[in-house]
Peer 1: 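Here's a structure for you.
Residue numbers start from 1 in every chain, and the chains themselves are labelled A, B, ... in the order their sequence lines are given, proteins ahead of strands.
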Amino acid sequence: MNFAEIERKWQRKWQEDRIFEPEIDKSKRKFFITVPYPYMSGALHIGHGRTFTMGDIIARFKRMQGYNVLFPMAFHVTGTPVLAIADSIANGDEKVIQLYREYVRIYENDEEKVEKIVESFKDPKNIAEYFADKTQQDFKGMGYSIDWRRKFHTAEPIYNKFVEWQFKKLYDLGLIKKGEYPITYSPADGNPVGEDDIEDGDIDKVTIMEFTVIKFEFEDGYLVAATLRPETIFGVTNLWINPDAEYCAVMVNSERWYISKEAAEKLKYQKDNVIVEKCFKGEFFVGKKAKEPATGRTIPILPADFVDPDNATGVVYSVPAHAPYDYQALKDIQNSEEYARKYNLSQEELKSIELIKIIDIEGYNIPAKDICEKMGIVNQKDPKLEEATQIIYKDEFYSGILNNKCGPFAGIKISEIKDEVKRWLINMGRADVFYETSRKAVTRNGHKVIVAVLKDQWFIDYSPKWWKEKGHKLVDQMFFYPTKYKNIMHGIIDWLEKRPCARKRGLGTRFPWNKEWIIESLSDSTIYMAFYTVAHIIREQGIEPEKLTEDFFDLVFLGKGNIQEISEKTGVKEDVLEKMREEFEYWYPNDQRHTSPPHLSNHLAFFIMHHAAIFPEKHWPRAITLNGLMIREGAKISKSKGNAIPLAHVADKYGVDLFRLYCAVNADLESVMDWREKELASLKKRFNLFVSIVEDSLNATEPKTLLPMDRWLLSRFYRLLKESIQDYDSFKIRDAMLNMLFHFVNDIKKYEKRMGSDRRKCVIRKVLEDWLLILSPVMPHICEEYWHRLGHSNYISLQTLPEVKEEYIDDAVEAEMEYVERVIDDIKEIVEIAKIDVKKIYLYTADQWKWDVLRAISDVPPKDAIKEAMKVRKSKETVTLVKQLLKNKIKYIKIDEESVLERDKKYIEKVFNAEVVINSDYDPKNKRKFAIPMKPAIYVE
RNA sequence: GCGGGGGUUGCCGAGCCAGGUCAAAGGCGGGAGACUCAAGAUCUCCUCCCGUAGGGGUUCGAGGGUUCGAAUCCCUCCCCCCGCACCA
């Protein structure tokens with residue numbers, strides 16, 4: 001059987017008959033499910049496939065529950081990545097070109113064509129459109145039940161108008177603000193730079209560090225030292241400068257600052273009115289004095305090689321009691337006559353510098369000194385100093401307390417007072433803020449990356465109390481699976497602050513009030529589910545983007561305004577507006593959004609917040625479900641590792657239904673899923689077994705009368721079906737599939753062992769439709785195929801769930817089966833251990849009084865069991881029996897042991913190829929008395 | 001550091017929320033057998049230790065505790081993974 005062909009056949013038919021293009025049907029409950037549109041910077045791989053597949057399985061299950069299901073899809077292209085790729089290709093970046101050739105080869109096998117297509121990627125729009133097109137093809141090939149009429153991509157003018165509308169709504173609510181913001185920036189390119197623009201930016205992230213710079217009075221200005229620990233200012237003993245580096249006098253807002261030349265350059269991008277006056281070597285400062293701002297002491301300026309002029313201001317203040325580097329450097333120079341001589345400093349004076357301890361902390365006397373001694377640090381070039389600094393920083397921050405040298409801050413923990421001290425210094429005019437990158441970084445074309453402060457950055461301000469309250473309310477009303485994410489989401493909403501929402505470059509929507517800015521990609525994909533409800537009508541009607549005004553969307557999505565006026569103003573016919581309004585009202589809210597945890601703290605949080613801000617409560621989204629990521633053979637899937645399997649290859653390489661089954665069955669939604677070829681191979685066996693069982697029964701006739709084993713199998717089936725439907729409904733899709741495909745198939749094997757394959761085929765025929773139905777959300781193609789081969793002319797994809805035939809679920813019949821199996825196991829064990837050549841097996845069932853005892857204690861807690869049992873029969877034997885029953889954990893169930901054994905005698909005889917005698921008087925080894933309920937005594941000879 | 005999740009029998013991985021039927025699903029690996037000229041594929045059985053009568057012993061990161069009973073509940077400790085923003 002050619003699975004790929006079957007898969008394509010049904011995909012084609014589904015499309016031809018437009019079965020996944022739902023229309024408004026007020027007689028049915030609707031269900032609107034979305035999965036975030038994928039980002040189109042390349043081809044998708046199987047890791048992405050997991051999330052979309054699970055979304056589709058849920059969509060299909062909901063359809064079977066009788067909902068009118070809408071599952072739409074679109075494509076995301078906003079932002080810099082696509083642009084950066086286009087630029088790299090245009091600039092002839094071989095690495096990128098090679099990568100994109102690979103991507104295109106997934107879909108094209110003509111090398112000339114590949115070249116041509118990659119060539120066309122110099123235009124970012126072509127990248128977006130090419131991959132959007134191909135991804136749509138991939139999704140169809142995965143059997144997803146998507147309504148494709150509603151697709152769009154985020155750089156399309158009609159979508160831009162929609163995003164503009166969203167921003168106007170936010171603006172009217174006072175949530176769009178403008179302000180200063182530090183960003184990574186390349187002065188040479190005159191542009192902000194993102195992760196994609198920085199060399200190794202994806203591997204080694206560049207973050208922005210906020211230094212406090214403290215102004216030490218020096219001659220006609222200030223020597224400005226940078227620190228991450230402003231609270232240590234009370235323990236300063238001296239300043240360090242690099243004698244060989246260039247320093248400059250810089251006018252900053254009518255103050256004269258002395259900082260390194262590099263710092264002066266950076267400062268120009270962080271502050272207004274920065275004028276460099278003159279520059280000179282650092283040795284200029286050597287031996288001079290400056291005044292510290294906290295208590296006004298005068299301290300010396302000393303030279304040190306370790307000071308990096310290209311880090312922060314190139315001026316460092318020294319706190320030797322608490323900073324291991326400072327301690328070691330000070331110790332080195334105090335012991336070096338050469339140092340004093342070289343810089344013409346007084347050895348006496350150097351030696352007179354004393355450590356000033358300002359932090360009390362348990363386990364340390366003088367922290368920097370203690371740790372240097374403990375770690376055996378020898379001099380200031382010792383690499384262990386870095387680790388020592390980390391340890392001290394952490395210990396002091398969390399458990400250190402400022403002592404009485406620290407004025408108003410004495411007695412307070414560092415973690416609580418750090419920002420206080422900073423504010424105090426800044427308010428006195430003695431400190432400022434300076435931003436620096438977390439590491440030295442250059443752009444991909446080799447230009448230096450610094451931190452610049454943008455003056456007119458646009459933000460979305462998530463901090464207003466009313467907004468957060470609404471967000472929390474929405475989350476409270478929302479269903480999450482896995483449920484733990486609900487609390488996490490509350491936490492995220494509390495943590496949200498301001499977020500820049502526009503960038504200077506990239507694809508997307510222009511900022512309505514300042515066209516130089518482009519709305520950034522996470523901010524333009526928050527409420528777009530609403531757009532799905534009308535996108536196909538906009539397209540059908542050929543409504544031009546300029547007609548999609550604020551009034552237009554206000555009417556369609558919020559029901560505001562006068563329809564006649566808006567029709568006149570926009571030129572969109574009234575009935576069309578009416579229809580759109582109706583579509584939105586019918587489909588909204590978004591009943592379920594399915595995605596993966598990396599979206600929690602960004603996309604999903606904005607999705608929630610923007611809905612809370614813009615839409616009335618009845619249109620707030622209802623549920624979020626998430627599935628863990630997919631890894632492959634234990635390793636993260638990534639392009640750079642080269643271990644990504646394109647989604648486009650799934651059909652031919654593995655088979656779509658098998659892939660979908662793997663997604664459903666190999667991990668539950670909560671867990672990370674490991675894609676292993678070996679696991680897949682064993683799953684395939686199971687899949688093939690399923691196929692052959694179904695094939696066997698296609699032409700079989702159902703049995704006319706049911707034997708006990710038939711009833712057992714039917715009981716198992718409907719019991720498992722019942723559980724599975726519940727599991728499905730609570731998103732335990734794995735458990736549902738385990739039941740229907742593993743446990744049930746195992747039961748079929750057990751059945752066949754006793755009843756043979758001919759009868760199996762007939763009995764399975766009895767449940768075949770129901771079985772295919774429950775499996776069809778996961779394996780839609782193969783189930784569709786068999787459904788039709790069974791003579792149905794409608795689509796299984798559009799059927800409702802099978803009915804659970806409760807009348808077949810029979811506890812007793814299952815217990816009897818288990819009972820016989822257990823007896824057989826016991827006999828086997830005896831035979832094996834005693835190494836007996838079996839000729840005759842004697843079975844003795846328990847006496848009635850033993851059953852009476854079991855029944856009496858069945859609902860009694862173990863510790864009262866004996867007491868209870870004695871009421872039935874007062875004897876020593878009773879005590880022994882109760883102990884045995886408890887030890888063997890025998891549960892009471894009503895069955896007639898003797899007649900069951902009698903009935904299955906032939907089967908037991910067949911298993912052991914020996915004669916079986918039940919409750920005979922012959923009992924040479926006196927075994928009969930050992931019988932307990934559900935565990936007959938056995939004698940073998 | 002904060003927040004989240006883990007550590008299970010050779011490996012991967014269920015079980016833990018709702019304690020007992022858990023020596024603990026399933027898969028992989030290993031072993032035995034069937035089919036076959038053979039290999040492969042497929043199928044069946046076994047795979048913690050001991051045991052000539054269905055039994056016993058020791059296990060679920062470490063250590064304590066609760067309980068008649070703990071892989072499961074509580075406490076302490078050790079170790080690992082993920083997220084912490086302007087990046088899609």
Side-chain angles (χ1 to χ4, degrees), chain A residues 36 38-41 76-82 84 181-184 192 194-196 201-202 205-208 393-394 397-398 415 457 459-460 462 482-485 487-488 491-492 495-503 506 520-523 525 597-603 605-606 628-629 633-634 636 665-668 670-674 676-683 685-686 688-689 734-735 738 742-743 746 749 753 818 822-836 861-865 886-891 925 927 930 934-941:
Chain A
Y39 195 78
M40 286 296 101
S41 58
H76 199 197
V77 300
T78 307
T80 47
V82 171
Y181 205 77
I183 51 157
T184 44
E195 195 175 292
D196 313 293
D202 46 346
K205 240 181 129 166
V206 176
T207 55
I208 293 170
Y393 184 96
K394 221 198 288 185
F397 185 78
Y398 292 104
S415 55
Q457 174 68 48
F459 293 96
I460 299 175
Y462 289 101
T483 48
K484 65 175 176 183
Y485 290 117
N487 277 333
I488 292 178
I492 290 167
W495 156 91
L496 282 173
E497 273 176 37
K498 281 198 281 185
R499 184 192 155 83
C501 61
R503 301 197 66 179
E520 143 314 312
S521 62
L522 282 163
S523 307
S525 41
H599 277 145
L600 280 165
S601 67
N602 42 58
H603 167 68
F606 305 146
L629 294 175
E633 312 290 345
K636 208 171 166 172
V665 99
N666 266 54
D668 53 34
E670 278 181 77
S671 328
V672 171
M673 168 172 284
D674 196 352
R676 294 165 169 238
E677 297 282 333
K678 281 235 167 102
E679 299 263 349
L680 187 82
S682 62
L683 187 67
K685 279 187 215 164
R686 181 64 55 159
N688 290 340
L689 187 54
R734 175 176 193 266
D735 290 342
L738 240 31
F742 285 73
H743 300 155
N746 288 348
K749 285 193 204 168
K753 242 188 212 168
E818 275 166 38
R822 196 147 77 180
V823 171
I824 291 171
D825 284 345
D826 279 351
I827 300 170
K828 267 188 195 160
E829 196 171 347
I830 291 165
V831 170
E832 239 168 69
I833 286 162
K835 299 195 176 95
I836 300 168
K863 55 183 162 189
D864 301 330
L886 290 177
K887 196 162 153 201
N888 286 291
K889 291 147 191 161
I890 308 276
K891 286 272 151 61
K925 289 271 163 77
K927 293 284 182 190
F930 296 119
M934 302 304 285
K935 213 167 158 56
I938 300 163
Y939 173 64
V940 182
E941 62 177 27

Peer 1: Any base atoms under 4.0 Å from T78(A), or only sugar-phosphate, or nothing? Heavy atoms, all strands.
Peer 2: sugar-phosphate
Peer 1: Is C22(B) paired to anything, Watson-Crick or G-U wobble with both distances less than 3.5 Å, and if yes, which nucleotide?
Peer 2: none
Peer 1: Provide the distance between the two C1' atoms, one in C22(B) and one in U59(B), to the nearest whole Å.
Peer 2: 12 Å
Peer 1: In chain order, what residues pass the side-chain contact (heavy atoms from CB on, under 4.5 Å) check against I183(A), with sequence neighbours excluded?
Peer 2: Y181(A), Y185(A), P192(A), L454(A)
Peer 1: Write down the distance separating the C1' atoms in C11(B) and G30(B), rounded off to the nearest Å.
Peer 2: 12 Å
Peer 1: Tell me every residue that passes side-chain contact (heavy atoms from CB on, under 4.5 Å) with P597(A), counting only those two or more places apart in sequence or in another chain.
Peer 2: Y485(A), L600(A), L626(A)
Peer 1: How far does the P atom of G4(B) sit from the matching atom of U76(B), given to the nearest Å?
Peer 2: 15 Å
Peer 1: Using whole Å, what does the distance between atom C1' of nucleotide G13(B) and atom CD of E633(A) come to?
Peer 2: 15 Å
Peer 1: With sequence neighbours excluded, tell me which residues meet side-chain contact (heavy atoms from CB on, under 4.5 Å) with D674(A).
Peer 2: I631(A), R676(A)
Peer 1: Which pairs, protein N/O on one side and nucleotides 1-8 of chain B N/O on the other, fall under 3.5 Å?
Peer 2:
from: G1(B); atom 1: O4'; to: Y398(A); atom 2: OH; distance (Å): 2.9
from: G1(B); atom 1: O2'; to: Y398(A); atom 2: OH; distance (Å): 3.1

Peer 1: Describe the nucleic acid contact of A937(A) in one word from base, sugar-phosphate, nothing, applying a heavy-atom distance below 4.0 Å.
Peer 2: base
Peer 1: From the options A88(B), C86(B), C45(B), select the nucleotide whose nearest atom is closest to the side chain of Y181(A).
Peer 2: C86(B)
Peer 1: Got a sec, which residues hit side chain to side chain donor-acceptor pair (under 3.5 Å) with E941(A), two or more places apart in sequence or on another chain?
Peer 2: Y922(A), Y939(A)
Peer 1: Can you list everything that forms a side-chain contact (heavy atoms from CB on, under 4.5 Å) with L629(A)? Sequence neighbours excluded, please.
Peer 2: S596(A), P598(A)
Peer 1: Looking at every strand, decide which applies to P936(A) at a 4.0 Å heavy-atom threshold: base, sugar-phosphate, or nothing.
Peer 2: base
Peer 1: So which protein nitrogen or oxygen atoms get under 3.5 Å of nucleotides 47-53 of chain B's nitrogens or oxygens?
Peer 2:
from: U52(B); atom 1: O4'; to: I833(A); atom 2: O; distance (Å): 3.1
from: A53(B); atom 1: N6; to: V940(A); atom 2: O; distance (Å): 2.7
from: A53(B); atom 1: N1; to: V940(A); atom 2: N; distance (Å): 2.8

Peer 1: Pick the P atom in C82(B) and in A23(B), then give their distance to the nearest Å.
Peer 2: 36 Å
Peer 1: When the nearest nucleotide of RNA chain B is assigned to G79(A) and to D668(A) on a heavy-atom basis, which residue is associated with the more 5' position?
Peer 2: D668(A)
Peer 1: Would you tabulate the pairs of protein nitrogen or oxygen atoms and nucleotide nitrogen or oxygen atoms of nucleotides 21-23 of chain B closer than 3.5 angstrom?
Peer 2:
from: U21(B); atom 1: OP1; to: K889(A); atom 2: NZ; distance (Å): 2.3

Peer 1: What interatomic distance, in whole Å, is found between P of C48(B) and the corresponding atom of G31(B)?
Peer 2: 15 Å
Peer 1: I'd like to check the side chain to side chain donor-acceptor pair (under 3.5 Å) partners of S682(A); sequence neighbours left out, ordered by chain and number.
Peer 2: none
Peer 1: Using a cut-off of strictly less than 4.0 Å, decide whether S41(A) has a side-chain nitrogen or oxygen near OP1 or OP2 of A88(B).
Peer 2: no
Peer 1: When rounded to the nearest Å, what value does the distance between C1' atoms of A53(B) and U9(B) take?
Peer 2: 28 Å
Peer 1: Taking only residues two or more places apart in sequence or in another chain, which ones pass side chain to side chain donor-acceptor pair (under 3.5 Å) with R734(A)?
Peer 2: none
Peer 1: If pairing requires Watson-Crick or G-U wobble contacts with both distances under 3.5 Å, which nucleotide is the partner of U67(B)?
Peer 2: none
Peer 1: Quick one, give me the B/S/- string for nucleotides 24-36 of chain B, reading 5' to 3', where B means a protein heavy atom under 4.0 Å from the base and S means that only happens at the primed atoms, P, OP1 or OP2.
Peer 2: -B-SSS-------
Peer 1: Go through the structure and list residues passing side chain to side chain donor-acceptor pair (under 3.5 Å) with R686(A), not counting sequence neighbours.
Peer 2: N746(A)
Peer 1: Counting side-chain heavy atoms from C-beta on, which of G55(B), A85(B), A88(B) comes nearest to W495(A)?
Peer 2: A85(B)
Peer 1: Starting at the 5' end of RNA chain B and moving along, which residue's nearest nucleotide shows up first, L496(A) or D825(A)?
Peer 2: D825(A)
